[in-house]
Asks: 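For reference, the structure I am asking about is given below.
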Amino acid sequence: MTDQAGFEQLRSDLFQPERGLYVVPIRHHSPACAWYLKQLIKEVRPKRVLIEAPADFASQIPLLLDDATKPPVALVSLVDPPDGRPRVAGYYPFCDHSPEFVALREGHAVGAELRFIDAPVYDKAMFADPGTTEPVSFMDEQHFDSNDYINALARETGCRDGYELWDHLFEARFGADGWKGFFQDVGVYCAGIRAATHEEKTAATGDAQREAHMAAAIRKGLKAGGPVVVVVGGFHAPALVGDLTNFPKPEKSAGSAESYLIRYGFRALDALNGYGAGLPQPGYYQRLWENGSEATQNWRELAIDLLSGFAETMRADGQEIALPALTEAIRTAETLALLRGRPGALRHDLIDGVRAALIKGEASQSDIWTGRFQSYLCGDRLGDVPVQAGSPPLVEDARARARLHRFDISDSLERRRKLDIRRKETQLEASRFCHAMMLVGSGFASRETGPDYVTGARTELLFEEWTYAWSPQVEGRMIESSVLGDDLPTACLAQLHRSREGMIEEGKARDLAGLVELFSRGLMAGLGTRLAPFLDAVAGDIQNYGTFATVTHALQRLMYIRQSTGPLRAPDAFDLGGITDAAYARLVYLCDELPETGPEQIKERLAALRVTIEILQSCRQAGLDRVLLEEAMDRAAKTAKEPVILGAVLAVCVQTGLRQADMLVLAVKGQLSGVSLNVEDRIGVLRGILHASPMLLWHSKELLAAVDDFLCAIPEEDFLRLLPHLRLALTALNPRDTDTLAQELAIIHKVQTGSLLTSDAMPSDTELAQALQIEKAIRASLKSDHLTGWISGEAS
Amino acid sequence: MVEQVQREPAEIRYRDELTRLNEADTDPKPQGWRLSPRAVRRFILGDKKLDVTQKFFGDDPLVDRCIVSLMGHQGLMLVGEPGTAKSLLSELLAAAISNTSKLVVQGSAGTIEDHLRYGWNYALLLAEGPSERALVASPILTAMREGQIARIEELTRCAPEVQDAMISLMSEKTVSIPELGAEVESRALPGFNLIGTANLRDRGVHDMSSALKRRFNFETVHPIADAAFEKALIDRQVTERMAGSPVFPELTPDVLDLVVSVFRDLRTGKTADGASVAVPNSVMSTAEAVNVTHAAALEAAYLDNGTLTAAHIARQLGGTVFKDDPEDARKLRAYVDQIAGPRARKSRAWSAFHKSAKECLRD
């Protein structure tokens with residue numbers, strides 16, 4: 001059969017009253033489809049309405065029919081795939097002009113039985129990419145946008161893409177025809193798309209499997225008695241009009257899922273962002289639907305309404321659109337529609353009208369006026385769901401907490417809030433709530449300014465400033481997080497454990513500081529004593545994986561948290577002593593590894609040794625036995641071979657009063673004058689000292705003298721070879737240290753620090769003379785202009 | 001015998017197409033238009049059934065908007081980078097709508113108000129005094145009197161006071177001629193409108209006042225976004241230009257690919273695989289790509305063995321595009337070294353390009 005004949009056959013096959021079967025091919029969220037479908041149901045008065053939506057959503061039908069349900073809403077599903085992969089969330093959105101939604105409401109009005117006939121959400125056919133962990137859309141419509149058939153047809157009709165083509169061919173017919181002809185044309189259009197799609201692709205994307213499910217449901221419906229109206233995505237229609245027994249038996253799917261009806265927003269519904277499907281800029285189609293749903297479509301009124309509404313919005317934003325420009329935009333849009341053979345200005349005509357009339361100058365590819373207009377056409381409507389719709393307990397809990405902490409979540413607008421977290425306990429609690437919402441990745445709040453106790457940045461600030469918004473996306477993400485637990489603290493805790501496991505999986509289990517940071521986040525989120533099991537797990541990690549460097553840093557953070565009195569403070573009942581002791585014990589144990597330091601470990605161990613000084617100094621306050629670490633360091637000092645580490649360990653010992661400074665001098669002298677194969681080894685000890693505790697160099701006069709003598713004595717050639725290593729070692733000094741060192745050196749060499757500057761910086765006599773001459777000339781000139789009073793500051 | 005000219009106006013070049021379109025035109029025409037708006041669209045964007053070629057590429061909705069703008073009271077201002085076929089589009093529009101593209105003011109620093117309104121034949125003026133016979137109408141006045149489309153090229157090169165004269169012309173659509181009598185004026189017939197082209201980027205141009213801007217609908221003509229499309233276009237235009245030549249070296253796909261990617265890389269500042277490229281000040285438009293390829297083809301045909309290679313392209317690129325800016329030469333050298341160099345290892349065309357470009361840059 002040729003395509004042409006196939007198309008004709010389809011026209012007569014779509015509606016088979018004798019068989020009681022009406023297959024209605026639709027495009028998701030198309031107002032024209034919705035309008036014609038409404039007429040069809042009113043006329044056919046079906047016994048059954050079967051809709052292409054996941055079968056397991058059937059339990060939500062009563063909620064969708066509830067008067068309190070105000071689209072845009074979405075059915076969201078938390079799917080446990082059969083093969084044990086982690087949970088995935090999927091969406092199935094509805095708006096006022098969704099044919100599926102209209103089918104439900106109108107079908108209900110004529111007393112029809114309503115059924116959802118697609119494969120259940122947990123069926124693998126519902127996932128084009130079976131490995132995904134990202135949220136998916138259960139309304140897959142890629143066929144409509146990029147397809148050889150669509151592209152060829154768009155070229156032929158002068159449309160720029162599949163969206164304009166659809167509007168041109170079908171939305172333009174809103175309210176103008178009988179339903180039969182309209183849906184026959186949609187059917188043929190979709191059959192064209194299907195004819196240009198390879199069969200392997202249909203099987204690979206799960207379409208074939210889904211059609212088997214639908215065919216089985218239609219067979220059942222027909223057996224129970226017609227008329228049966230089947231509302232399916234146009235792509236599937238050609239497969240479902242013929243013999244329904246030809247399909248393989250649908251495979252049973254093993255997974256499970258929980259579904260909820262949630263509020264949704266136009267921004268998320270827009271086909272061009274997020275996981276939407278259907279048509280872009282839903283605000284436009286909403287107006288199209290409202291404008292034509294009762295009477296016939298008045299295109300002029302729609303164009304004027306939309307454009308003057310846009311002008312009003314812009315005016316409110318301080319972007320005035322002059323009346324002549326607005327008139328020109330409407331004229332251009334309407335004339336373009338006329339030129340393109342349309343009954344009135346469609347979406348693209350309106351956008352073109354705005355482009356032509358409002359842009360004055362050169363436009364870039366994405367100019368600002370088109371952007372503003374498109375954003376206006378997208379709209380910001382939010383839906384509502386009945387109270388009994390319920391949401392996962394986590395969402396309810398988070399909402400209750402938000403209200404308790406006085407966050408305004410009545411709409412999705414973004415708001416700011418300043419919190420005085422140091423002085424007001426209630427505001428600290430509100431801050432903890434924000435941190436908790438951040439921890440579960442809800443996107444509800446983000447901190448604009450304020451102290452960051454987790455990293456220790458700007459902790460001198462008293463106030464935190466947050467922006468927050470309870471948008472449908474936040475709600476969606478909270479629903480996705482519902483897999484973690486039923487209330488916010490439980491979810492946060494589960495998230496912490498999940499992050500820790502993620503780190504272990506990524507091979508970052510040794511990142512103890514990262515784990516302690518997670519712990520701090522938990523404290524900031526107010527989890528308090530509930531963190532105990534998590535902390536135990538971290539303590540275990542410290543014992544199992546801790547290296548000298550990581551344990552040192554983790555211990556430092558833990559001691560900081562333990563001494564903290566601000567928002568990072570752990571509750572009194574929560575004893576951090578255990579883990580600190582464990583980390584300390586591990587550190588002492590690991591000190592004995594210091595003598596065997598490999599070259600690749602030098603850098604991290606140097607940094608850790610510097611921190612060790614700090615730990616030693618605050619041992620008493622933290623209730624740790626200082627002697628243990630002192631002895632361990634002493635042991636290390638005796639046996640260390642690697643000169644850099646030796647230098648650093650000795651520096652630690654001297655700095656903390658464990659040893660006398662002359663030990664250092666001896667070690668440095670020995671190294672400098674000794675024989676070594678590598679030049680850099682000669683200053684290794686010095687490098688270690690400079691890294692661990694630079695001030696030792698000038699506090700001990702003998703040490704400085706030893707280094708100075710050595711540098712003065714070595715031959716020029718050796719000095720040049722040593723120079724790069726010396727420079728590297730001295731980078732450990734900060735500018736103030738460098739100044740101090742220079743002063744000390746100047747004293748040794750009996751010169752003034754100023755005289756270390758090169759003499760070039762001083763002006764020569766001739767330069768001075770020239771400058772004086774210039775000044776004289778300027779003075780003379782000012783005097784001749786009677787401006788001397790002005791420069792000498794005397795008021796005239 | 002008709003003298004051969006270098007370039008015929010559009011209405012002569014496409015006389016047959018215009019005639020066919022006119023005969024088949026059943027759609028309503030705005031007053032004063034020789035063709036209906038849909039026929040104008042078909043003339044510019046092509047119509048296979050009537051064997052009308054496509055003349056403007058890459059942005060069909062822009063053509064729609066231009067036609068619709070000309071149907072209204074606003075003028076049409078085409079802006080955009082040099083070499084994006086703004087003037088061609090304005091010529092085609094005028095030819096299709098009014099059947100003449102000759103009513104054109106070529107804007108420059110020397111343009112004076114007389115060029116926009118009217119001047120005098122001074123011999124007649126002295127002999128007879130001011131009279132209709134002594135009046136020399138500007139292209140704009142002629143267009144008003146005939147109900148046709150007038151064009152102003154490079155409007156931003158005219159001095160601000162000359163641009164100012166346009167404001168009242170555009171809003172009143174009238175030219176008063178007080179020399180011929182107190183109330184003598186020429187009012188525009190239906191069908192009159194103006195197409196301006198302007199360059200908003202060049203140095204040394206005069207900004208348009210917002211009063212003047214308000215009287216125009218602006219359309220920006222962008223360089224062609226689709227590489228395959230640009231390739232086809234260059235191929236066709238070079239073939240057209242070489243049509244009269246007795247020798248025509250073959251334009252192989254490798255060479256064409258190379259031309260398109262060199263121009264696109266340097267125009268957009270990014271190669272197809274995402275490496276960034278310093279963008280030269282010189283214009284890297286499709287029109288320049290055609291010029292370079294044409295010049296390279298001529299060189300291959302007349303000065304070399306008749307085979308067009310990437311080496312010819314490289315030599316012409318230096319002379320045609322990178323004219324005298326030392327900074328641009330540096331950028332081209334960087335491109336040749338860093339982008340063309342690695343590519344030369346994998347492709348013969350790039351290898352020839354690289355070698356020849358290096359030689360040229362050495363001079």
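In the text below, chain A, chain B and the rest are named by the order of the sequence lines, each starting its count at 1.
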Asks: In terms of heavy-atom pairs under 4.5 Å, which option from B:Met208, B:Lys213, B:Arg38, B:Glu219 contacts chain A the most?
Replies: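 Looking at each option in turn, the highest pair count goes to B:Arg38.
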
Asks: For chain B, find which of A:His348, A:Glu164, A:Arg331, A:Arg160 contributes the most heavy-atom pairs closer than 4.5 angstrom.
Replies: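 Of A:His348, A:Glu164, A:Arg331, A:Arg160, A:Arg331 has the most heavy-atom pairs under 4.5 Å with chain B.
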
Asks: Tell me, for B:Arg214 versus chain A, whether the close heavy atoms (under 4.5 Å) come from the side chain, the backbone, both or neither.
Replies: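 Interface part for B:Arg214: backbone (N, CA, C, O).
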
Asks: Between B:Asp64 and A:Asp352, is a side-chain contact (heavy atoms from CB on, under 4.5 Å) present by the stated rule, with each step listed?
Replies: CA-CA 9 Å; B:Asp64 290 355; A:Asp352 276 342; 5.5 Å; no

Asks: Could you give the distance from CE (B:Met71) to OG1 (A:Thr332), rounded to the nearest 0.5 Å?
Replies: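 One finds 10.0 Å between CE of B:Met71 and OG1 of A:Thr332.
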
Asks: Taking B:Arg65 for the side chain and A:Ala356 for the main chain, is one N or O donor matched with an acceptor at less than 3.5 Å?
Replies: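 No, the answer is negative, given that no donor and acceptor are paired below the 3.5 Å cut-off.
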
Asks: Within this structure, what is the OG-CG distance for the pair B:Ser36 and A:Leu339, rounded to the nearest 0.5 Å?
Replies: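 Interatomic distance, B:Ser36 OG to A:Leu339 CG, rounded to 0.5 Å: 8.5 Å.
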
Asks: First locate atom CD1 of A:Ile359, then atom OG1 of B:Thr220, and finally report the distance between them rounded to the nearest 0.5 Å.
Replies: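 Answer for the CD1-OG1 pair, A:Ile359 versus B:Thr220, is 6.5 Å.
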
Asks: Can you establish whether the number of heavy atoms outside A:Arg315 located under 6.0 Å from its atom CZ is more than 12?
Replies: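 Correct, the count exceeds 12.
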
Asks: Please find the pair of heavy atoms, one from A:Gly158 and one from B:Arg41, that lie closest to each other, and give the distance.
Replies: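 Shortest heavy-atom contact: O-NH2, 3.6 Å.
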
Asks: Nearest 0.5 Å, what's the CE-NZ distance between B:Met77 and A:Lys360?
Replies: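 It is 9.5 Å, given to the nearest 0.5 Å.
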
Asks: Give, as side chain, backbone, both or neither, the part of A:Leu338 having an atom under 4.5 angstrom from any heavy atom of chain B.
Replies: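 Only the backbone of A:Leu338 comes within 4.5 Å of chain B.
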
Asks: Are A:Arg340 and B:Pro61 side-chain neighbours, meaning at least one heavy-atom pair lies under 4.5 Å?
Replies: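 Yes, side chains in contact.
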
